[in-house]
Every structure is written in structure tokens, then in C-alpha cells.
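Before any comments, here is the structure.
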Amino acid sequence: MYNHSSIDKKWQKRWEDEGVFHAEDFSDKEKFYCLIEFPYPSGSGLHMGHPRSYTALDILARKKRMEGFNVLYPIGWDAFGLPTENYAIKTGRKPQEVTKENIDTFRRQLQSLGISFDWSREVNTTDPSYYKWTQWQFLEFFKEGLAYKDKMAINWCVSCKIGLSNEEVVGGACERCGGEVEKRDKEQWMIAITKYAQRLLDDLDTVDYLPKIKKQQQDWIGRSEGAEVDFTVDTDLSGYNILGLHAFRDDSKEAFWPWLSAELEGRGASVTVLDLPNPSEPNIEEQIKFIKESYTFNEKTIVITHSLGGVAAMKLLPTLDTPVSHVIMVAPPVNVELLDGKERPALRDCCDWKFDFGAISKMAKRFTVLADKNDPAVPQDHPVQIANNLRGELVVAEAEVGHFNGKEEPVILSQLIPSIEVFTTRPDTLFGATYMVLAPEHPLVSTIVTDDKRAEVEAYVKAASKKSDIDRGDGTKEKTGAFTGAYAVNPANGAQIPVWVADYVMMGYGTGAIMAVPAHDERDWAFAKAFDLPIVEVVSGGSVDAEAYAGEGLSVNSDFLDGKKVDEAKEEMIAWLEKNGHGKKTVNYKLRDWVFSRQRYWGEPIPLIHCDSCSPETGGWIPVPEDQLPVELPEVDQYQPTDDGESPLSAITDWVNTECPTCNGPAKRETDTMPNWAGSSWYFLRYIDPHNDEAFADMKKLEYWMPIDLYNGGMEHTVLHLLYSRFWNKVMFDRGHVPVSEPYARRHSHGLILAEDGTKMSKSKGNGIDPDEVVDKYGADTLRMYEMFVGPFEEPAPWNTKGMIGTRRFLDKVARLPDMVSISEDKEVTKALHKTVKKVGEDIENLRFNTAVAQMMTFINVVNKHKALTKESLLMFMYTLCPFAPHIANEVAENLGATGFVEQQKWPAYDESQVVDDVITLAVQVNGKLRATLEVAPDAPQQEVEAAARANENVAKFVEGEVKKVIYVKGRMMNFVV
RNA sequence: GCCGCGAUGGCGGAACUGGUAGACGCGCGGGACUCAAAAUCCCGUGAUGGCAACAUUGUGAGGGUUCAAGUCCCUCUCGCGGCACCA
């Protein structure tokens with residue numbers, strides 16, 4: 001029994017004192033950057049799983065150093081996040097303190113394992129000198145137009161009081177606490193990762209990841225090719241009278257109104273366009289009088305106003321006796337300053353510029369405002385329809401010639417004749433589309449629903465919105481839905497098909513609407529059966545009365561596609577759609593934009609300031625200037641999450657209130673913080689230059705070290721963390737801050753260490769094993785070796801303390817080896833040694849540590865058999881063992897008189913002639929069954945072997961009569977076929 | 001439901017490109033040393049039959065290809081992981 005405690009501490013101190021593992025920037029040696037996922041320093045201390053990954057890469061790092069590489073093997077702390085914050089709240093302490101304590105524990109525990117980290121490069125995501133650069137990089141996203149704020153239905157965890165990204169909702173429940181998740185509308189910072197979807201997919205071809213990891217990335221991005229198809233809602237406008245109020249712009253008069261009239265008259269409407277008098281200096285009373293004299297309003301009236309025409313309408317409409325059918329205001333001039341900068345006293349006098357949308361909406365069955373979503377003057381909470389960026393084109397660009405550009409007009413027209421855009425991967429089945437379905441959240445639902453169906457549809461939509469994702473996605477998959485009363489036209493054959501609302505269609509994918517082809521889609525088939533909708537077969541090969549058929553076949557009932565194979569038919573149909581303006585080829589991704597806001601305290605503050613009077617183009621958001629970074633997290637006593645879902649930071653008024661960096665006026669800080677994923681998306685860059693305060697890392701150093709040669713981590717991070725960090729790196733690459741577009745040249749993953757009962761180690765089950773105890777009782781080398789020996793690195797393995805004792809016995813045998821040192825050794829020992837060096841070296845490169853350990857055990861067994869080996873052989877073995885059990889290897893080497901560290905020795909070279917056997921055991925089979933074994937030279941000629949085999953009594957017994965064939969595989973076996 | 005991976009002694013696991021299945025370790029049985037124990041060392045250890053040599057059988061189940069299958073092909077069962085009405 002050797003004394004592991006003193007040996008462990010002695011060598012750990014020496015390594016650290018002499019900086020043996022410090023990586024050198026710009027060395028002449030070839031670089032090797034190996035990376036483990038840095039730990040989250042939780043309060044429960046190091047988990048048994050951590051040493052597995054860290055030791056594995058430590059072995060590789062140590063071997064690479066001995067092979068002459070300049071190795072970077074760094075460590076740090078991913079320390080922002082909920083568990084610490086929750087623990088701090090519970091114990092009434094500050095997250096800063098708790099974090100520091102946890103890190104100290106983790107550091108001590110990791111150091112007790114003798115991992116060859118370069119501790120001089122330690123990073124900590126919660127350190128202001130680190131998150132300064134996280135914030136800086138966020139601003140790079142912002143400047144690139146990749147960060148935007150959007151109101152959206154988010155997943156809200158009721159118990160954590162936190163918004164969760166889709167990725168953090170597992171089976172409809174919160175990933176962290178397992179609690180209930182509901183939908184809530186919240187303004188969130190989003191990052192447009194979807195813009196990088198294709199590159200994130202394509203560049204997987206350039207990296208070496210485990211196939212299953214690549215596949216998970218691909219599946220998550222979820223690319224599918226297909227077509228976008230437009231279905232026009234069949235709208236009958238006969239009996240309606242459209243009243244256009246024209247003011248102010250001549251080009252509208254010449255182009256817009258005639259075009260609109262033609263479109264609407266084709267649908268049976270009559271159109272009246274009134275030229276309002278004196279539009280640029282209007283007298284509103286005069287205009288109203290003119291309208292009243294020229295036109296009689298009734299309930300079939302549809303009012304369309306354009307720009308300044310809205311002013312008169314706004315005053316007039318609330319005074320009418322009868323309500324009108326519909327009012328559409330296109331870009332009403334809701335904010336005079338934004339109009340064109342010109343003062344218009346006449347307008348100002350007649351109107352206070354605060355449109356009373358409420359009064360108008362009472363006079364119209366439907367009321368639509370088409371205006372800029374971001375215009376603060378447009379009341380967002382009012383039930384008006386908001387379109388994007390319309391005002392910019394239609395009003396402000398007054399001086400520009402010809403606003404009639406074909407981009408905005410369809411939006412206007414679609415208010416009266418809506419069209420439904422769908423995404424399909426099967427355009428070849430368009431002739432089989434017998435109905436359509438909108439997601440309950442689809443904005444067109446309320447537009448197209450007919451009056452007699454409105455109540456029913458509204459009730460259905462309301463019920464759907466209450467359902468959680470579990471109810472919608474899980475369970476019976478029984479189809480529910482409601483008919484809107486509206487019909488759309490199938491562009492392929494002109495057929496009228498009913499439009500339904502059903503929750504089996506998701507707003508989040510594609511366009512939120514589908515064409516349903518029940519004959520060839522399982523879900524559509526089930527829905528059609530449930531609601532008795534027609535099923536039309538358009539691909540032959542199945543029996544669509546019994547079930548949907550999604551296989552190969554030839555098109556039928558499909559006019560010009562008939563007789564074509566699926567792939568061919570898809571192409572033809574896309575060509576047809578494009579030619580006739582009904583759609584086009586498109587690609588869709590499952591990947592969603594990244595919800596980047598958290599309403600919690602313990603995270604990086606988002607470094608933006610909101611000013612009411614500056615930067616309207618970004619919604620008033622202004623980056624904190626670089627020289628004011630980092631925006632430090634204020635240390636406060638109260639940081640509990642709020643019930644209303646606002647960030648705790650919003651309550652700290654003297655932090656929130658600040659100055660606008662642009663105009664120096666009063667402004668407010670953004671109070672949301674960043675998600676945990678932020679700091680971990682780029683930490684590998686900081687390791688390269690951890691103390692730089694001019695940049696997150698020096699470009700020259702990045703060029704030297706990047707990319708990472710091997711990155712190892714858990715399978716649980718192979719989707720999100722890997723994707724986010726690849727994306728983050730690509731954005732930095734595009735902005736010229738990093739030299740490579742893919743950060744990880746090779747990615748591997750380790751299996752979990754399970755508890756002795758084969759389940760996950762967990763606090764609640766009390767089945768955890770404490771690394772401290774194991775190190776204390778058995779030593780660091782035992783723990784390291786056991787975790788390598790326990791099974792294949794990438795597969796989960798149950799902990800077994802008894803099994804670990806076997807590796808300790810092995811190390812005890814190692815400690816006794818010096819007693820056997822002698823001036824000569826048996827040939828078998830020499831051969832075993834060289835074989836061991838060869839196999840261990842190869843196994844390390846292939847990350848097959850378990851068989852490397854087994855080989856070293858075999859070697860010891862051979863030595864023990866002969867009880868003698870030379871000092872040189874023992875040293876050579878110590879060099880081979882050192883990556884696995886560095887403490888004892890160094891100790892034994894030192895006791896043999898070696899100076900310096902084993903880590904500074906050269907990795908041993910094996911002698912090729914020593915790894916081949918002089919004599920091998922050859923299997924002799926008869927009819928494939930083993931009958932004897934022969935000791936022969938590996939390259940013995942067939943004749944000789946055959947003679948020896950036939951001479952064998954047992955073989956001869958079975959080889960009676962004619963031998964049909966003799967198969968001889970040199971060095972392996974001989975088979976007699978009789 | 002779909003996709004991926006896996007299933008080998010009492011246990012964790014080996015087995016290159018189809019060529020002696022069970023390396024290595026744990027456990028178990030026997031023995032040596034010891035007054036005794038611990039530690040250490042030696043022998044044995046898939047199952048069945050046999051004193052033994054050896055024979056039969058054996059890698060989740062069933063079928064196939066091959067001189068030869070844990071390994072390749074088909075069908076199925078179970079387990080693990082991922083996705084989950086993704087149009």
C-alpha cells in the first residue's frame with residue numbers, strides 16, 4: 001500500500017510551482033487546444049461525472065505534451081444562472097458570495113485530481129472583466145441587426161417566474177423545475193439565429209463530430225424543402241360599396257385607386273373615389289361637408305383612406321347614424337413630426353393628432369389600421385391590425401416617385417380579398433388538397449370567418465389558446481377544429497375548398513397554415529375522417545380509403561402531373577406555380593430565433609439604453625458606449641423575481657434611470673439579463689487571451705490557437721450549447737473578430753457516470769458518491785484510472801466502488817514494481833512492454849481508455865509472472881502510465897533516480913520488431929468447428945501447417961474421407977472442409 | 001408515432017476489415033503464507049455431461065448468406081437517447 005495522500009499533494013504542488021502545464025502563446029511547437037465544457041459551480045460540489053471527461057482529455061493533453069505539442073488545456077467557471085440565484089434567495093445571501101464559495105470548492109476539488117489545467121488562464125463568466133466582453137459581443141449582434149425586441153407568446157414557468165426558450169421546455173414542463181409552463185405575451189430580446197440556419201447546417205460538413213452529434217444538430221435545424229403556395233380566399237363583394245378617400249398625392253390618384261378599383265370591381269363591388277378638396281392645407285370641416293354631400297353611407301360601405309384622407313374620416317365616421325362595414329386606414333398620419341418634417345398649421349389646428357381609434361372602431365364592424373408596428377403613436381393595445389413598415393414606404397417617402405411598387409398594395413387588397421399562404425413539402429399533391437387549415441393563432445382567422453361562424457370559431461380559438469403545449473401536442477392526437485365558413489380557391493384546379501381552424505396546425509412552423517391533402521398525409525387523413533371531408537387520391541400505390549398513403553407512386557387525378565413520379569411531379573408543380581404566380585420553391589427550418597432575455601437578476605445585464613427621443617429606427621434602443629462597459633450588475637439586497645414578470649433590476653430605480661448616450665437626456669436601462677448560454681458561447685475564445693482588457697482576445701493569438709482540436713462534453717449539450725456557440729463564433733467571424741468560422745474541429749462526448757443502482761446520481765435519491773471521499777481514501781490516481789477503465793468513454797457507466805478497488809490494486813502493484821528491478825528481463829516482458837506502449841498510444845488517440853488500462857494491467861501481470869524487469873523498462877512503463885496516473889508515475893520515476901517531471905520526458909517509442917510474436921496460436925477447425933490449436937510461426941507456409949494439423953490426433957479424428965477444401969488464413973486459422 | 005444507438009458469463013466490459021467468443025477487472029470457489037486475521041501470491045470459474053482427454057451447446061428471439069457470423073442481410077422483442085401533429 002503506497003501513501004497516496006502525500007504523493008498526490010507533493011506532485012500537485014510541484015506542477016503548480018513550476019508551471020509545468022502553462023501553455024505558451026506563439027511557440028514554435030505545434031499547438032494542440034483541447035477543451036472540456038467548463039463546469040457550472042453548483043453548491044453540491046464536483047459530481048463524479050466531471051472527472052471522467054476532465055481525466056480523459058487530461059490523458060490526451062499529457063501525451064500530446066510528451067509528444068512535443070504546445071498544449072492548451074484550460075478551465076473556468078460558467079457561474080451565472082438560476083440554481084445559484086435560487087439558492088442565494090433561499091438562504092438570504094448574495095449570489096456573488098455563493099458563487100465565490102462554490103468556485104473555491106470546485107477549484108480545490110479539481111486540483112486534488114491532478115488534472116493538467118493551465119490555471120493561469122482560469123476564467124469566470126460572472127467576473128465583470130469577463131462579462132464586459134459578453135456584453136460587448138452582444139452589441140456586435142445588435143449592430144449587425146441580429147438582436148431585436150419582439151412581443152411574443154413565450155413559455156412562462158409559473159414557479160421559476162422566468163421566460164423559457166422553446167428549448168428549455170421539456171415535454172411541456174420546465175426543464176429546470178419540472179413545473180407548469182403557460183403562455184404569456186412578453187417583450188423579449190431575440191437573436192436571429194435563423195438567419196444562420198443554412199450555414200450552421202452546411203458547415204457541419206467541415207468538422208469532425210461524432211455522427212450522432214452531427215445528426216442532432218441537423219435535426220434541430222430541421223431543414224425541409226418544398227413550396228410556398230398562395231390560396232386566394234374566395235370573397236364575394238357584391239353589394240358592397242367601396243369609398244376611397246383620396247387626399248394629397250397625385251401618384252395615388254393615377255395608379256393606386258384605379259388599380260384597387262379594378263381589383264374590387266372584379267369581385268362585384270362598386271367603387272367610389274372622392275378627391276378631397278385642398279389636401280395640403282386642408283380645412284377639415286370643408287372636407288367633411290364635401291364627403292357628406294357626395295356620398296351616402298350605409299352598412300355595406302367599406303371605407304379606405306390613404307394617408308391624410310384618414311384625418312377627415314377620423315372626424316367624420318364617429319358622427320354617422322349607421323355603422324359601416326369596414327374601415328381600412330392606410331398609413332394614417334398619426335405623428336405630424338414624422339410626416340415630412342414640415343409644419344402644417346392647418347392640420348395642426350383641425351386635429352390634435354391623437355387619433356381616436358376607439359371611436360372609429362365603434363362605427364365599423366371591422367377596422368384595420370395599416371401602419372408601422374414600431375410607431376409609438378399607433379396604439380398597440382387597440383384591436384387594430386398593424387402591418388410592418390408601411391408608413392415608411394407610403395407616406396414619408398412622399399418625394400420619391402411612384403410608391404406603387406407592388407409590395408404594399410397586396411397587403412391592402414388582402415384586407416378585402418385575403419390570400420392564405422401555405423408551406424408544403426408535397427407540392428405534387430396540390431390537386432388532392434381538399435380543404436385548408438389555419439392555426440388558431442393565425443391572424444387571418446378573424447378576417448375570413450363568416451358572421452354565422454364567428455361565435456363558434458372564436459370559442460374554438462379561445463379554447464386552443466388556453467391549452468398548454470402538452471395538451472396540444474401530447475396524448476390522443478384526436479383532431480379538433482372549427483369551420484370558418486370561408487372558402488379558398490385551389491390554384492391548381494380552381495376548386496372551392498373549405499378553410500378550417502384546427503390546433504393540429506402550429507403557428508410557429510411554416511406559415512401557420514396548411515393545404516390539407518388527406519389522401520397522403522396521416523394527420524390530414526384523421527382530420528378529414530373526423531369531420532367528413534373529401535379524400536382525393538392523387539398518388540397511386542396506397543388504398544386511401546383505409547389510411548393515408550405517403551409513399552412513392554405515380555400522380556393520378558392531377559391533370560398535367562398524371563403519370564409522373566413524386567420527385568418529378570414536385571418539380572413540375574413548382575415550375576407551374578412559379579410561372580402562374582401562385583407560389584414558389586422555398587426552404588423551411590424548424591430552428592426558431594433565440595429568446596435571449598431573462599427576467600432574472602443573476603445574469604449579464606443587456607447593455608442597452610432606451611431613449612424616447614433618439615434612434616427611432618431601433619425602437620429607441622441605444623448601445624451603451626464601449627468605454628462604459630461593463631454595465632455592472634448592481635449589488636443589492638433584494639433581487640427576487642417579481643410576480644409581474646419584470647426583471648428584478650427594474651425595481652432598482654437609480655440603476656435604471658440613466659442618461660441617453662446620444663442626447664444626454666433622461667433614459668432608462670434595459671433591465672432584462674442574458675441567458676446562461678451567453679457566457680458559455682464564447683469562453684473558449686477568452687482562454688486564449690484571458691487577461692486582455694483591450695479586446696476579448698487578441699487576433700494574433702486567436703489565429704495561433706483556433707480552432708479547438710478536440711472539444712468534449714456531455715450529450716445534453718450537443719444541441720443547444722453547441723449550436724449557440726457555433727452560431728456566436730460565426731457572427732464574430734463575420735464581424736472580423738475571430739479567424740475561423742467553425743470553432744470546434746472535432747467534437748466528442750462522454751457518457752454519464754451513473755450511481756451504483758444504474759440510475760442517475762441525484763441529491764434527492766442520496767445515491768451520489770463524493771469525489772472528495774474517494775480521493776481521500778483511494779487517491780486521485782485510483783479515481784482517474786477507474787473512471788477510464790469502467791467502460792467505453794462515450795457510453796454511460798454505473799459507478800462501482802468494489803470495481804474501483806481493482807484499479808487501486810493495480811496501482812499498488814505499480815508501486816511495488818521497483819522491487820523487481822533487475823539487470824535483465826524475460827523476452828516476454830520486453831515484448832509485452834512494447835505492445836503496451838503501442839496499444840496505449842493508439843487507444844489514447846482513439847479515446848479508448850478502457851482498453852488502454854486493460855493493456856497496462858496485462859503488462860503488470862506478465863511482469864509479476866517473471867518477477868523481473870530492467871530499470872529502463874520500468875521507466876518506459878512509467879512514461880506510458882503517466883497520463884493516466886501521473887502522481888504515482890512521477891513518484892516511481894523519481895525513486896528510480898530520474899530527474900525532472902515525467903511530463904517533460906518524451907513519449908516512449910515502441911520497437912516494431914518487439915510487437916510481433918515469434919510464435920502464435922493458430923486455430924484449426926474442421927467444418928468451422930475448433931478442433932485443435934497449433935503453436936506455429938506467424939508466417940508459416942500452408943504445407944507445413946497443414947501437415948502439422950493433420951498429424952493432430954483430434955483433427956485427424958474429424959478429417960475422415962475426402963477433404964473438399966482447406967482454407968488457411970495466415971496467422972489466424974486453418975479450416976478443413978470435409 | 002418517427003429517427004438514432006444498443007442487447008455478450010453472477011456483474012462492468014473485451015473481440016482489428018467476418019477467422020480460437022468471454023481479454024482486463026469485479027465477484028465467487030479452492031489453495032499457499034499466518035497462531036489467527038488483513039494484505040499478498042497461486043489455481044479455477046459461460047452452461048451441460050465426463051476422473052480426465054474431450055464432446056455438446058452458447059453472444060436478446062426467429063430465419064438467411066458463408067468454409068466460417070457477436071460481427072453481414074431480413075423479421076421481431078426489449079432497453080436507452082433524441083424529436084414529437086414540423087405540413
Side-chain angles (χ1 to χ4, degrees), chain A residues 1 171-172 211-212 215-216 218-220 222-224 226 422-426 429 437 439 469 472-479 502-506 508-517 520-524 526-527 550 588-591 715-716 718-719 751-752 758 785-786 789-792 794-807 809-810 812-813 816 842 848 850-861 864-865 867 920-934 953-954 957 964-978:
Chain A
M1 291 283 281
K212 62 175 169 181
K215 198 170 174 310
Q216 282 197 17
Q218 286 160 351
D219 288 352
W220 196 262
R223 179 193 156 100
S224 48
V422 304
F423 172 73
T424 177
T425 55
R426 294 295 304 272
T429 63
V437 185
D469 281 353
R472 257 178 90 161
D474 204 54
T476 60
K477 299 201 173 162
E478 208 174 280
K479 298 287 183 282
D503 65 5
Y504 82 93
V505 173
M506 306 288 142
Y509 182 77
T511 61
I514 62 159
M515 64 180 218
V517 185
H520 305 290
D521 181 281
E522 207 185 315
R523 299 150 300 177
D524 296 344
F527 191 82
N588 241 289
Y589 301 91
K590 285 187 206 170
L591 186 66
M715 276 310 284
E716 70 274 23
T718 54
V719 176
L752 255 55
M785 278 229 121
Y786 175 63
F789 183 56
V790 69
E794 64 277 6
E795 267 154 51
W799 178 265
N800 184 292
T801 301
K802 276 203 171 142
M804 184 193 63
I805 289 171
T807 57
R809 284 185 194 145
F810 165 78
D812 284 333
K813 289 177 196 170
R816 285 195 297 267
E842 288 168 357
R848 284 164 29 178
N850 54 332
T851 48
V853 175
Q855 178 62 38
M856 289 189 278
M857 288 174 165
T858 305
F859 173 70
I860 289 259
N861 292 344
N864 275 339
K865 183 170 137 196
K867 305 248 181 327
I920 54 122
T921 310
L922 187 99
V924 181
Q925 302 174 340
V926 180
N927 281 344
K929 283 194 174 169
L930 182 71
R931 295 304 175 189
T933 57
L934 296 176
E953 200 183 318
N954 207 43
K957 199 165 75 186
K964 282 190 194 151
K965 206 169 166 191
V966 178
I967 291 151
Y968 177 49
V969 181
K970 248 182 202 175
R972 297 234 178 252
M973 48 72 69
M974 170 167 280
N975 189 12
F976 293 92
V977 186
V978 297

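Residue numbers start from 1 in every chain, and the chains themselves are labelled A, B, ... in the order their sequence lines are given, proteins ahead of strands. Note that this is a predicted model, so its numbers are computed, not measured.
- Annotation: cation-pi geometry satisfied between A:K479 and A:Y504 (NZ/CZ under 6.0 angstrom from ring centroid, within 45° of ring axis).
- Distances from the side chain of A:K215 to the nucleotides B:C41, B:G4, B:C85 place B:G4 closest.
- Between A:Y786 and A:T801, the side chains place no donor N or O within less than 3.5 Å of an acceptor N or O (distance only, hydrogens not considered).
- Among the protein residues, A:N588 comes within range of no part of the nucleic acid, since none of its heavy atoms lies under 4.0 Å from any strand.
- For the pair A:A797 and A:N927, both in contact range of RNA chain B, the more 5′-proximal nearest nucleotide belongs to A:A797.
- Nucleotide B:C24 is matched to B:G12 when pairs are restricted to Watson-Crick or G-U wobble geometry with both distances under 3.5 angstrom.
- Here A:K865 does not reach the OP1 or OP2 of B:C41: none of its side-chain N or O atoms lies under 4.0 Å away.
- A distance of about 43 Å separates the C1' atoms of B:A53 and B:C35, rounded to the whole Å.
- For A:D503, the listed nucleotide lying nearest its side chain is B:C85; candidates were B:C85, B:G19, B:C41.
- For B:G60, the paired nucleotide is B:C76, the pair qualifying as Watson-Crick or G-U wobble because both relevant distances are below 3.5 Å.
- The shortest non-hydrogen separation linking A:N927 to A:V978 is OD1-N, 3.0 Å.
- With B:A87, B:C67, B:U20 as the choices, the nucleotide that has an atom nearest any side-chain atom of A:L930 turns out to be B:U20.
- Atom name C1', nucleotides B:A14 and B:U59: the rounded distance is 12 Å, in whole Å.
- Residue-level contact check: A:N850 touches the backbone only, with heavy atoms under 4.0 Å from sugar-phosphate atoms and none from bases.
- Comparing B:C33 with B:A38, their P atoms sit 15 Å apart, to the nearest whole Å.
- Contact check for A:Q925 versus A:F976: no side-chain heavy atoms found under the 4.5 Å cut-off.
- When heavy atoms are screened at a 4.0 angstrom cut-off, A:P792 is found touching the sugar-phosphate backbone but no base atom.
- Taking the charged nitrogens against the carboxylate oxygens, A:K215 and A:D219 do have a contact shorter than 4.0 Å, which makes a salt bridge.
- Here B:U71 sits opposite no nucleotide as a Watson-Crick or G-U wobble pair (both hydrogen-bonding atom distances under 3.5 Å).
- An OP1 or OP2 oxygen of B:C26 is reached within less than 4.0 angstrom by a side-chain nitrogen or oxygen of A:R809.
- Counting non-hydrogen atoms under 4.0 angstrom, A:M973 reaches a base of the nucleic acid.
- Considering CZ of A:F789 and CG of A:N850, their distance stands at 8.0 Å, rounded to 0.5 Å.
- Listed pair A:N954 / B:A55 meets the phosphate criterion, a side-chain N or O lying under 4.0 Å from OP1 or OP2.
- Among the protein residues, A:V790 comes within range of the sugar-phosphate backbone only, with heavy atoms under 4.0 Å from sugar or phosphate atoms but none that close to a base.
- A:Q925 comes within 4.0 angstrom of a base, heavy atoms only.
- Side-chain atoms of A:K929 and A:R931, non-hydrogen and from C-beta on, do get closer than 4.5 Å to each other.
- Listed candidates were B:A87, B:C67, B:U40. Nearest to the side chain of A:Y509 is B:A87.
- Rounding to the nearest 0.5 Å places CG of A:N588 at 8.0 Å from OG1 of A:T511.
- Across the C1' atoms, B:G58 and B:G46 are found 7 Å apart, a figure rounded to whole Å.
- Counting any heavy atom pair closer than 4.0 Å across all strands shown, A:K970 reaches no nucleic acid atom.
- Closest to the A:K929 side chain, of the nucleotides B:G12, B:U56, B:A87, is B:U56.
- Ranking B:U40, B:G27, B:G25 by closeness to the A:K802 side chain, first place goes to B:G27.
- Comparing the P positions of B:G4 and B:C72 gives an interatomic distance of 15 Å, to the nearest angstrom.
- B:U34 is unpaired under the criterion used here, namely a Watson-Crick or G-U wobble arrangement in which both key atom distances are under 3.5 Å.
- Between the P atoms of B:C80 and B:U8, the separation comes to 14 Å (whole Å).
- For the P atoms, the distance from B:A87 to B:A7 is 32 Å, rounded to whole Å.
- Rounded to whole Å, atom P of B:C83 lies 14 Å from atom CG of A:L591.
- Residue contacts shown for A:T858 are limited to sugar-phosphate atoms, with no base heavy atom under 4.0 Å away.
- Residue A:K964 is classed as having no contact, given no heavy-atom separation below 4.0 Å to the nucleic acid.
- Shown here, B:C54 forms a base pair with B:G49; the pair counts as Watson-Crick or G-U wobble because both key distances fall under 3.5 Å.
- Of all nucleotides listed (B:A23, B:C85, B:C54), B:C54 comes nearest to the side chain of A:K957.
- A:D219 comes within 4.0 angstrom of nothing in the nucleic acid, heavy atoms only.
- As the counterpart of B:A84, no nucleotide is assigned, since no Watson-Crick or G-U wobble pattern has both distances under 3.5 Å.
- Not one side-chain nitrogen or oxygen of A:R931 sits closer than 4.0 Å to the OP1 or OP2 atom of B:U20.
- A residue-by-residue look at A:I967 and A:N864 shows that A:N864 has its nearest nucleotide of RNA chain B further toward the 5' end.
- Nearest nucleotide to the side chain of A:W220, out of B:G19, B:C83, B:A23: B:C83.
- Remark: the separation of the P atoms in B:U20 and B:A15 is 14 Å, to the nearest Å.
- Atom CD1 of A:I805 and atom P of B:G27 are 7 Å apart (whole Å).
- The interatomic distance linking A:D524 (CG) with B:C85 (P) rounds to 14 Å, in whole Å.
- In this structure, A:N861 reaches the sugar-phosphate backbone alone: every heavy-atom distance under 4.0 Å involves primed, P, OP1 or OP2 atoms, never a base.
- At distances below 3.5 Å, at least one donor-acceptor pair connects side-chain atoms of A:D524 with backbone N or O atoms of A:V517.
- B:G50 takes the anti form, because its glycosidic angle lies more than 90° either side of 0.
- Following rounding to the nearest Å, A:M715 (CE) and B:G6 (P) show an atom-to-atom distance of 13 Å.
- Among the protein residues, A:S224 comes within range of the sugar-phosphate backbone only, with heavy atoms under 4.0 Å from sugar or phosphate atoms but none that close to a base.
- Between the CZ atom of A:R972 and the P atom of B:A15 there is a distance of 13 Å, given to the nearest Å.
- Nearest nucleotide to the side chain of A:F789, out of B:G19, B:C26, B:C24: B:C24.
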